[in-house]
> 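Have a look at this one.
Start at 1 with the first residue, then count along the sequence.
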Amino acid sequence: YDDWGIHAQNLEGAILRDVMLQSVDKGIVVLPVHDAVAVQQKHEDWAIGTMLEAWSRVAHLCHPVPEKLAGPLATEGGGYRGHGHRVGSI
């Protein structure tokens, strides 16, 4: 457990880098906020899907994120909603 914090920070950085690079390709403005990204509300579904895909790729998961885990991100309690933007966290 000694190095887990550093390892987790590295995973988080790799996930956010992946999402941000994909946002450049799509022309979507992304603002990283700790372990989340802020996007215009119209890009919310893209951000959630891209974060989950990046998590699966970076963390080397064998299975997609279960719907019961992905569902709360897409509904209430999954992040901060205000001023036409949402912060979706992984």
> Got I48 and E44 here, is their nearest side-chain heavy-atom distance under 4.5 Å?
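Contact flag for I48/E44 side chains = yes.
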
> Which pair of non-hydrogen atoms, one from E12 and one from D35, has the smallest distance, and what is that distance?
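Smallest heavy-atom distance, with atoms named: OE2-CB, 2.8 Å.
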
> Just verifying a value: how many Å separate N10 CG and D3 CG, rounded to the nearest 0.5 Å?
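Answer rounded to 0.5 Å: 11.5 Å.
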
> Less than 4.5 Å apart, side chain to side chain, heavy atoms only: is that true for L16 and V37?
yes

> Going through the checks in order, is the side chain to side chain contact (heavy atoms under 4.5 Å, CB included) test met by D18 and R57?
CA-CA 9 Å; D18 188 342; R57 235 182 343 273; 2.8 Å; yes

> Rounded to the nearest 0.5 Å, what's the gap from OG1 on T50 to CG on L21? Could you check?
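That separation rounds to 12.0 Å.
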
> If I compare all heavy atoms of W46 with all of V19, which pair ends up nearest, and what's the gap?
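Between these two residues, the closest heavy atoms are CH2-O, 3.8 Å.
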
> Carefully, step by step, assess M20 and V24 under the rule side chain to side chain contact (heavy atoms under 4.5 Å, CB included).
CA-CA 6 Å; M20 292 179 71; V24 170; 5.9 Å; no

> Nearest 0.5 Å, what's the CD-CD distance between Q22 and E53?
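Spacing of CD (Q22) from CD (E53) equals 6.5 Å.
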
> Tell me the closest heavy-atom pair linking V39 and V30, and the distance in Å.
CG1-CG2, 3.9 Å

